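Step one of this worksheet: look at the structure below.
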Amino acid sequence: MSIDADIDISAESAPKKDIFYVTTPIYYVNDVPHIGHAYTTVNADFIVRYHRLAGEQVFFLTGTDEHGQKIAQAAEANGVSPQEWADRIHPRWREVWERLEISYDDFIRTTEDRHIKPVQELVQRLYDQGDIYLATYTGPYCVACEAFYQPSEIVGGLCPIHERPVEWIEEENYFFRLSAYADRLIELYESRPDFVQPDIRRNEVLSFVRSGLQDLSISRTSFSWGVSIPWDPRHVMYVWLDALQNYTTAVGQGTDPDRFARTWPADLHLIGKDILRQHAIIWPAILMAAGFDLPRKVFAHGFLTVGGKKMSKTSLTGISPHLLLDTFGSDGYRYHFLREGTFGQDGPFSWESMTARYNADLANDLGNLVSRSLAMTTKNFDAVVPAPGESTPLEDALLAAGVLAAEQMDERVRKLDPAGALGAVFEFVRAVNHYIDDTAPWKLAKDPAQRERLGTVLHTVCEAIRQISILISPAMPSASRRIREQLGIGPVDSRPLSESVISGTSLVGVKVTKGDSIFPRVEVEKPA
RNA sequence: GGCGGCGUAGCUCAGAGGCAGAGCAAGCGGCUCAUAAUCGCUGUGUCGGCGGUUCGAUUCCGCCCGCCGCUACCA
């Protein structure tokens with residue numbers, strides 16, 4: 001026990017993990033952003049903003065993956081160097097994230113020194129300890145995929161994905177001993193069922209690993225646009241080996257031990273289901289080899305479908321985030337992709353359903369609630385929130401509904417159910433509209449004897465809108481801000497919802513300003 | 001072929017061994033403060049098909065039909 005006590009003392013001085021760390025994938029600068037990318041990032045931002053709102057310390061990372069053959073090819077086709085190409089494309093991503101109000105704390109680019117150096121150090125270490133070895137690999141290779149295939153997969157000499165001829169390549173490659181980690185990976189999935197979520201993805205990963213793992217080819221000599229292998233510069237790293245490490249290099253891997261200790265492991269790697277294997281198998285194996293802690297959770301969401309079909313690249317790029325942003329704004333955009341469908345499963349996307357949902361929930365229910373409430377406050381009390389008189393069971397019930405919404409939201413965000421979380425908030429919005437109908441303040445206003453009662457009702461409504469402005473802030477930061485401006489109050493505090501939502505009568509005497517509609521209705525016609 | 005998932009109201013989806021649910025859309029009514037808004041009321045569903053276990057299954061099991069995912073490196 002005395003030995004333990006000594007350890008405790010030293011542990012006390014060492015920094016401990018105290019930051020909630022969320023990542024998105026880093027996006028390939030080969031592509032311009034489409035709504036699928038934004039789907040991942042918007043959901044991550046919602047989760048992050050919620051945790052910040054609840055008063056937690058958070059670190060939110062996104063970025064761009066800038067190495068690999070496809071980028072070299074794209075650069076060449078455009079007559080510039082790969083680095084120039086990456087420099088030119090990567091702002092396209094930042095622009096979209098700006099417009100979508102993505103509150104990332106850091107944006108990492110894999111071509112930055114702060115990334116490359118620690119990556120090389122770690123890979124060198126894995127080589128030195130025997131996790132990486134040299135071997136000759138021969139097989140069919142698709143340039144577009146940047147990947148070798150199993151001979152059995154090649155149909156008629158064509159790549160199964162791109163349907164173009166594969167090249168038969170013999171290459172001297174470095175390999176990572178992925179197979180050596182199979183047992184530990186299986187143990188990981190079994191002992192921590194939450195590591196890979198949803199369950200269906202966990203099952204896929206588990207059965208894949210159980211079927212046996214081959215070692216992973218982690219270097220290329222056929223092109224040079226990548227992080228070079230430090231002990232053998234003829235080779236550059238396979239993009240995933242480089243890219244995955246963004247999650248650790250961004251938080252101090254090999255450069256800032258204190259920061260690393262406070263941030264790593266990631267609490268959540270949010271990804272699309274297409275890159276599940278890299279995150280659920282390769283990445284943990286690399287981390288095991290490196291001796292780092294493993295992420296707490298890898299969550300793979302589903303894809304958007306269009307017209308009931310899997311979204312193709314062409315249909316995806318056909319729907320630009322900018323087009324939707326022009327019509328619905330960042331709030332409408334974010335709301336739709338958080339609220340519609342079940343996170344984790346594939347879900348349909350259509351302009352019609354997005355418009356319908358926007359008008360029903362945002363314009364009619366919430367926007368109009370703000371509008372009617374502030375109009376009545378303006379008309380009856382010179383735009384100053386009145387002091388409440390005695391409350392009735394109606395007020396008590398509404399207060400309880402607000403508290404319930406906050407509780408349910410908390411529970412559902414932590415279960416990674418954004419749609420459910422917002423569902424709870426909008427149930428409260430409906431309850432407030434209902435309350436106004438029940439109390440009929442426009443009738444009270446006609447009877448001078450009911451002046452105090454009218455004050456109670458309008459105070460209660462304004463207070464409820466204040467609560468709503470807090471609850472929607474992770475989903476719709478701009479709308480939250482605009483509502484609070486009209487209410488005459490400042491930005492949302494960062495503290496537990498139980499405190500901020502239930503904070504009583506702070507609005508009395510505040511001057512409100514009925515401004516522009518928070519959510520103007522959108523016509524159904526889709527722009528050409 | 002192997003492993004797994006899905007099939008519930010017009011649409012998107014919840015659900016659970018014991019009287020079938022929500023939101024949207026639709027219809028009717030109320031109200032008039034508000035963004036033709038809000039509030040109330042109203043449906044129809046052989047809960048994919050056929051068997052089995054059970055006092056009782058849409059929920060558990062088997063088979064079948066139809067979609068889909070994974071099966072070595074595409075958000």
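In this text the structure is predicted, and so the values were computed from the model without any measurement. A, B, ... follow the sequence lines: proteins, then strands. Residue 1 opens every chain.
B/rU58 makes up no base pair with any nucleotide shown, lacking Watson-Crick or G-U wobble contacts both under 3.5 Å. The partner of B/rG21 is B/rC13, by the rule that a Watson-Crick or G-U pair needs both atom distances under 3.5 Å. Base pairing analysis places B/rC67 opposite B/rG5; the two distances defining the Watson-Crick or G-U wobble pair are each below 3.5 Å. B/rU53 is unpaired under the criterion used here, namely a Watson-Crick or G-U wobble arrangement in which both key atom distances are under 3.5 Å. In this entry B/rC41 has B/rG27 as its Watson-Crick or G-U wobble partner, both defining distances falling under 3.5 Å.
The side chain of A/Lys273 lies closest to B/rG69, out of B/rC24, B/rG69, B/rA75. Considering only side-chain atoms of A/Ile275, the nucleotide from B/rC74, B/rC33, B/rC73 that sits closest is B/rC74. Listed candidates were B/rG69, B/rC73, B/rC31. Nearest to the side chain of A/Lys443 is B/rC31. Closest to the side chain of A/Phe208, out of B/rU35, B/rC33, B/rA72, is B/rA72. Listed nucleotides: B/rC73, B/rA75, B/rC3. Nearest to the side chain of A/Ser207: B/rC3. In the set B/rU35, B/rC33, B/rG69, the nucleotide with an atom closest to the side chain of A/Trp442 is B/rC33. In the set B/rG5, B/rU38, B/rU35, B/rU38 carries the atom at the smallest distance from any side-chain atom of A/Arg372. Relative to the side chain of A/His34, the nucleotides B/rC33, B/rA75, B/rU38 differ in distance, and B/rA75 lies closest. Looking at the side chain of A/Asn364, the nearest of the listed nucleotides B/rA75, B/rC70, B/rU38 is B/rU38. With distances taken from any side-chain atom of A/Arg430 to the nucleotides B/rA72, B/rC39, B/rC70, the minimum falls on B/rC39.
Projected onto RNA chain B by closest heavy-atom contact, A/Leu366 and A/Ile200 fall at different nucleotides, the more 5' of which corresponds to A/Ile200. Toward the 5' end of RNA chain B, the nearer of the two residues A/Ala431 and A/Val370, judged by each one's closest nucleotide, is A/Val370.
Residue-level contact check: A/Leu213 touches the bases, meaning some heavy atom is under 4.0 Å from a base atom. Among the protein residues, A/Leu276 comes within range of no part of the nucleic acid, since none of its heavy atoms lies under 4.0 Å from any strand. Using a 4.0 Å heavy-atom distance criterion, A/Gly420 is classed as making no nucleic acid contact. Residue A/Leu216 is classed as a base contact, given a heavy-atom separation below 4.0 Å to a base. Contacts of A/Phe426 with the nucleic acid, taken as non-hydrogen atoms under 4.0 Å apart, are absent. Within the 4.0 angstrom heavy-atom criterion, only backbone atoms of the sugar-phosphate kind lie near A/Arg201; the bases stay farther away.
With C1' as the reference atom, B/rA36 and B/rA14 are 32 Å apart, rounded to whole Å. For B/rC50 and B/rU12, the C1' atoms lie 29 Å apart once the distance is rounded to whole Å. Going from the P atom of B/rG21 to that of B/rG43 covers 10 Å, rounded to whole Å. Between B/rC39 and B/rG23, the distance separating the two P atoms is 11 Å to the nearest Å. Distance noted for atom P between B/rA20 and B/rG62: 26 Å (whole Å). Look at the P atom in both B/rG51 and B/rA57: the space between them is 13 Å, to the nearest Å. Taking atom C1' on both B/rU8 and B/rG49, the two are 15 Å apart, rounded to the nearest angstrom. Here the separation of B/rG45 from B/rG7, taken at their C1' atoms, is 14 Å to the nearest Å.
In this structure, A/Tyr28 does not count as stacked on the base of B/rA75 under the 5.5 Å centre distance and 30° plane angle limits.
A salt bridge links A/Glu463 with A/Arg466: at least one charged nitrogen is closer than 4.0 Å to a carboxylate oxygen. A/Glu204 has a carboxylate O that lies under 4.0 Å from a charged side-chain N of A/Arg201, or vice versa, which qualifies the two as a salt bridge. Note on A/Asp447 versus A/Arg453: no salt bridge recorded, every NZ/NE/NH1/NH2 to OD/OE distance being 4.0 Å or above.
Rounded to the nearest 0.5 angstrom, A/Asn30 CG and A/Thr64 OG1 are separated by 12.5 Å. To the nearest 0.5 Å, atoms CZ (A/Arg521) and CG (A/Asn364) are separated by 4.5 Å. Distance check, rounded to the nearest 0.5 Å: OG1 of A/Thr110 to CD of A/Gln245 gives 11.0 Å.
At whole-Å resolution of the value, CH2 in A/Trp240 and P in B/rC73 are 13 Å apart. Summarising the geometry, the separation between CZ on A/Phe303 and C1' on B/rC70 is reported as 13 Å, rounded to the nearest angstrom. For the pair A/Leu244 CG and B/rA72 C1', the computed distance is 15 Å after rounding to whole Å. The distance between atom CG of A/Asn359 and atom P of B/rC11, rounded to the nearest whole Å, is 21 Å. Summarising the geometry, the separation between CZ on A/Arg92 and C1' on B/rA75 is reported as 16 Å, rounded to the nearest angstrom. Protein atom CD of A/Glu204 is 9 Å distant from nucleotide atom C1' of B/rU71, rounded to whole Å. Rounded to a whole Å, the CD1 atom of A/Ile218 is 16 Å from the C1' atom of B/rA72. In this structure, A/Leu362 places its CG atom 16 Å from C1' of B/rU38, rounding to the nearest Å.
Ring pair A/Phe176/A/Tyr181: centre-to-centre distance below 6.0 Å. For A/Phe337 and A/His301, the ring centers are positioned 6.0 Å apart or more.
In terms of phosphate contacts, A/Asn203 brings no side-chain nitrogen or oxygen within less than 4.0 Å of OP1 or OP2 of B/rG5.
Classification of the A/Tyr335-A/Phe426 ring pair by plane angle, with boundaries at 30° and 60°, yields tilted. The aromatic rings of A/Trp93 and A/Tyr27 lie parallel to each other, with less than 30° between the two planes, well short of the 60° mark. Ring pair A/Phe349/A/His336 is perpendicular by interplanar angle, where above 60° counts as perpendicular and below 30° as parallel.
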Would A/Lys297 and A/Leu416 count as a side chain to side chain contact (heavy atoms under 4.5 Å, CB included) if you check the C-alpha gap in whole Å, the side-chain angles of each, and the deciding distance to 0.1 Å?
-> CA-CA 11 Å; A/Lys297 182 173 293 195; A/Leu416 298 183; 3.9 Å; yes
With 3.5 Å as the limit, what N/O pairs link the protein to nucleotides 12-14 of chain B?
| residue | atom | partner | partner atom | Å |
| --- | --- | --- | --- | --- |
| B/rA14 | OP1 | A/Gln345 | OE1 | 3.2 |
| B/rA14 | OP1 | A/Gln345 | NE2 | 3.1 |

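A heavy atom closer than 4.0 Å to some atom of RNA chain B occurs in A/Asn433, A/His434, A/Asp437, these being the qualifying members of residues 432-440 of chain A.
Between the side chains of A/Glu352 and A/Thr355, not a single donor N or O lies within less than 3.5 Å of an accepting N or O.
Stacking of A/Arg339 on the aromatic ring of A/Tyr358 is not recorded, the 6.0 Å distance cut-off and the 45° axial limit not both being met.
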